[in-house]
Amino acid sequence: MTDQKSASTTVDGAVDSSTSSNFIRNKIADDIKQNKHGGRVHTRFPPEPNGYLHIGHAKSICLNFGVAAENSGLCNLRFDDTNPEKESQEYVDAIKDNISWLGFQWNGDVRYSSNYFEQLYAFAVQLIESGKAYVCDLSANEAREYRGSLTQPGRNSPHRDRSIEENRDLFERMRTGEFADGHCSLRAKIDMASPNINMRDPVLYRIRHIEHHQTGTQWCIYPTYDYTHCLSDAIEGITHSLCTLEFEDHRPLYDWILHTLEIASIAGASDLADTDSEYVLPEQTEFAKLKLNHTIVGKRKLKEMVETNVVTGWDDPRMPTLAGMRRRGFTAAALRNFCESVGVARSDSIVDLGMLEHAIRDDLDKNSPRAMCVLNPVTVVLTNLPDEHLQILSMANHPKVDEMGRRSVPLTKRVVIDRSDFEELPVQGFKRLIAGGEVRLRGAYVIKCIDVIKDDAGELVELHCSVDLDTLGKKPEGRKVKGVIHWVSEAKGIPLNVRLYDRLFTVENPESKDIEDIRECLNEDSLIEITSCIAEPSIMEEGASSSYQFEREGYYCLDEKESSENKLVFNRTITLRDSW
RNA sequence: UGGGGUGUCGCCAAGUGGUAAGGCACAAGGUUUUGAUCCUUGCAUGCGUUGGUUCGAAUCCAGCCACCCCAGCCA
């Protein structure tokens, strides 16, 4: 019986919530039981460096690193960099940074598929020599015609039966740069009539006279994904090659390549070559991609949003990228918990954004220090306090976690409260401040509104309230005061700007095929900046946190990119749950 | 219409022949100096559908239906 409840530990030491079984964990447990790879578990996370990582990648990262850690195994980071056209060093750097931030440490050095280009070339020669690959002069268009269709078999390329010598010569000349881009390609010789189109003599190498971010101008032929991925896995001694469902049809090709090559030569070229581990070929297993409603997770569209300035960049706090979510204030632990909570299965599914929000709130509630910040201030004059009154109140940083300590909050005669916490015509059940009514200033006294001052236009100017001096730290005598509102000293408070974020799209499925231009369903109010907020001074003290729960408002974090010495900008990470 | 997959509560998801876990959401109570948190309770006589096998089926078999993926020298 396998243990269905366990906990995984990440490099930052945080223990994530309990895990439940899934088909991959079950398979690995089985493989271990059967001693399939000598009991080894070795996974890899293989991004192509052609964009920033997003929440969907987080699922794959958590799965690959998680499953390795749970089984005392290893997980490599490998850049699948076989198509230099779309790739760049900027993406490589950002991806490494994102993975570290998420809390995972890859095994050894960062790998690149391009590290193996020479070895891959040698394997290709081996395929040619065993008559399993040939150089084909068909153009891309011609090749498409020869490939047939979903319902019709393909036809053999006229170049399919070239001699081994000719193929060897041609392939070598491909490498030396004799031919122009697209002039010819190296193809596997499998079966043009296969019902699986991936097996209809797939291209192994194409010619691209283009510089590569890792190998420079060393190569002008580049191996394709299908040819490269299985061999890179094999070279690295990967045991479980986890990928998403759309690659399911590629698995027969993955296996064909590995089984058509001499296993001894693969083993000899692998990281396991000089160890006494028995060499076993990797196996591909597919799982469903993570999709989230109200969210775009397609790299192409995310890139488009950045390039058309729909957002300010890959790290715009509204973006579902790891960089964006980090800047928004989502924590790595919350994201890990979320990925665990959605599970790993094979059915196409769309997870409700509410699940992500729950994970964020859950983590932030436990770990964020509290502070008070008034978003839309209105002045309250505490009439029975002397003008120069200055009282330092001590308040807990967290209502349940004493270890988080306490802070000092100054109370003066003039304070501000949120405009929405005062109502002249309250609806049934309103329990904040009303004319003639009482409310508690959080952590301080109960006050009573005795006067509402308005200007000639009838706009509220300020409120005059009396303080019940006998209510500090105790309930008032003989009556119940239900409401508690947050406040900040007008003179001692710190001005700041706050950015409120909402979902980027108005529709539940912005990736729907019916939507031609995503700009049609953009939420106009996805970013609202408010400028006259006032926070208690403790947030600027030496050693202060950069993220808080602003009580009764939500979780906020300092935006270091937008803040300057004379302007503080906080991002609203997420609101508090509001069941009112 | 070829091939490969998937269908369990509004959303995820466990379950592998012994009588439907869990989480989110939702609802109702309780505690509370955050309308937060926390606690308690409720929430699938039914597992796409129709048949069959069996003492017994979400689990096995057959048919049907729906949805997803594949015809890049992208990954």
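Proteins get letters first, then strands, A, B, ... in listed order; numbering begins at 1 in each.
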Say you pick atom P in G10(B) and the same atom in G5(B); how far apart are they, in whole Å? 29 Å
Say we look at G7(B) and A58(B): how far apart would their C1' atoms be, to the nearest angstrom? 11 Å
Only counting residues at least two apart or in another chain, list the ones meeting side chain to side chain donor-acceptor pair (under 3.5 Å) with S60(A). N64(A)
What does R432(A) touch in the nucleic acid at a heavy-atom separation under 4.0 angstrom: a base, only the sugar-phosphate, or nothing? base
Write down the distance separating the C1' atoms in C47(B) and U16(B), rounded off to the nearest Å. 14 Å
When the distance from CD of Q152(A) to P of G2(B) is rounded to whole Å, what number comes out? 12 Å
Return no unless some side-chain N or O of S347(A) is found under 4.0 Å from OP1 or OP2 of A13(B). yes
Mind telling me whether H54(A) and H57(A) have parallel, tilted or perpendicular rings, with 30° and 60° as the class edges? tilted
What is the nucleic acid contact for R346(A), judged by heavy atoms within less than 4.0 Å: base, sugar-phosphate only, or nothing? sugar-phosphate
How far, in whole Å, is A75(B) from A14(B) if one measures between their P atoms? 31 Å
How many Å lie between NE2 on H486(A) and C1' on A36(B), as a whole number? 12 Å
Once you round it to whole Å, what is the distance between C1' of U32(B) and NZ of K480(A)? 12 Å
Using a heavy-atom cut-off of 4.0 Å across all strands, would you classify A444(A) as base, sugar-phosphate, or nothing? base
For U33(B), does OP1 or OP2 lie under 4.0 Å from any side-chain N or O of K475(A)? yes
Nearest nucleotide by nearest heavy atom, which residue falls closer to the 5' end of RNA chain B, G473(A) or K366(A)? G473(A)
Please work out if Q549(A) contacts a base, only the sugar-phosphate, or nothing of the nucleic acid, heavy-atom cut-off 4.0 Å. base
Please check this pair: side chain of T244(A) against backbone of E246(A), looking for a donor-acceptor N/O pair closer than 3.5 Å. no
Quick one: which protein N/O atoms are closer than 3.5 Å to N/O atoms of nucleotides 24-27 of chain B? Pair and distance per line, please.
residue: C24(B); atom: OP1; partner: H358(A); partner atom: NE2; Å: 3.4

Please convert RNA chain B into dot-bracket. A pair counts if it is Watson-Crick or G-U wobble with both distances under 3.5 Å; crossing pairs go in [ ] and bases paired with another strand get |. .(((((((.[[[..)..(...]]].(((((.......))))).....[[[[[..)....]]]]])))))).....
Full working for side chain to side chain contact (heavy atoms under 4.5 Å, CB included) between L433(A) and E423(A): CA-CA 7 Å; L433(A) 192 61; E423(A) 201 61 71; over 6 Å; no
Atom-pair distance (CZ on R552(A); C1' on U32(B)), nearest Å: 14 Å
Nearest-neighbour nucleotide for the W580(A) side chain, U1(B), G5(B), G35(B) considered: G35(B)
Hey, are R479(A) and D468(A) close enough for a salt bridge, meaning a charged N less than 4.0 Å from a carboxylate O? yes
For the side chain of Y205(A) and the backbone of Y121(A), is there at least one donor-acceptor N/O pair under 3.5 Å apart? yes
Can you work out whether F23(A) or K474(A) has the more 5'-proximal nearest nucleotide on RNA chain B? F23(A)
Looking at every strand, decide which applies to F287(A) at a 4.0 Å heavy-atom threshold: base, sugar-phosphate, or nothing. nothing
Of the listed nucleotides U34(B), C12(B), U33(B), the one nearest the side chain of V351(A): C12(B)
Salt bridge flag under 4.0 Å for residues R206(A) and E85(A): no
On a whole-Å scale, what distance lies between the C1' atoms belonging to C12(B) and U6(B)? 15 Å
In whole angstroms, the gap separating C1' of G3(B) from CG of D191(A) amounts to 12 Å
C67(B) and A57(B), which share atom name C1', separated by this distance in whole Å: 25 Å
Figure out the OH/C1' separation between Y556(A) and U34(B), and round it to whole Å. 13 Å
Between G4(B) atom P and L253(A) atom CG, what is the distance in whole Å? 16 Å
Which label fits H212(A) and Y222(A): parallel for a plane angle under 30°, tilted from 30 to 60°, or perpendicular past 60°? parallel
CZ (R44(A)) and CG (L242(A)) are apart, to the nearest 0.5 Å, by 6.0 Å
Between P on G5(B) and NZ on K289(A), what's the gap in Å once rounded to a whole number? 18 Å
Answer with yes or no after comparing the ring centroid distance for F570(A) and F550(A) against a 6.0 Å cut-off, counting only values under it. yes
Where does G29(B) land, syn or anti, once you apply the within-90°-of-0 test for syn? anti
Ignoring the backbone of K400(A), work out which of U6(B), C38(B), G35(B) is nearest its side chain. C38(B)
Give me the atom names and distance for the closest heavy-atom approach of N167(A) to A133(A). OD1-O, 3.9 Å
Counting any heavy atom closer than 4.0 Å, what does V481(A) reach on the DNA or RNA strands: base, sugar-phosphate only, or nothing? nothing
Protein proximity profile, nucleotides 64-75 of chain B - base contact B, sugar-phosphate-only contact S, no contact -, cut-off 4.0 Å on heavy atoms: ----SBBBSBBB
Using a strict 4.0 Å threshold on nitrogen-to-oxygen distance, state whether D362(A) and K366(A) make a salt bridge. yes
Pairing residues for E145(A) by the side chain to side chain donor-acceptor pair (under 3.5 Å) criterion, not counting sequence neighbours: none
Tell me whether R187(A) forms a cation-pi arrangement with Y134(A), defined as NZ or CZ under 6.0 Å from the six-membered ring centre and within 45 degrees of its axis. no
Quick one: is S21(A) getting a side-chain N or O under 4.0 Å of the G15(B) phosphate, OP1 or OP2? yes
Look at all strands and tell whether G554(A) reaches a base, only sugar-phosphate, or nothing, counting heavy atoms closer than 4.0 Å. nothing
Which is true for P153(A) with a 4.0 Å heavy-atom rule: it touches a base, it touches only sugar-phosphate, or it touches nothing? nothing
Interatomic distance at P, G48(B) relative to C9(B), whole Å: 8 Å
Under-4.0 Å side-chain N/O to phosphate OP1/OP2 contact, N22(A) with G15(B): no
Separation between the C1' atoms of A20(B) and G46(B), rounded to whole Å: 7 Å
For H294(A), check side chain to side chain donor-acceptor pair (under 3.5 Å) against everything at least two apart and list the hits. R503(A)
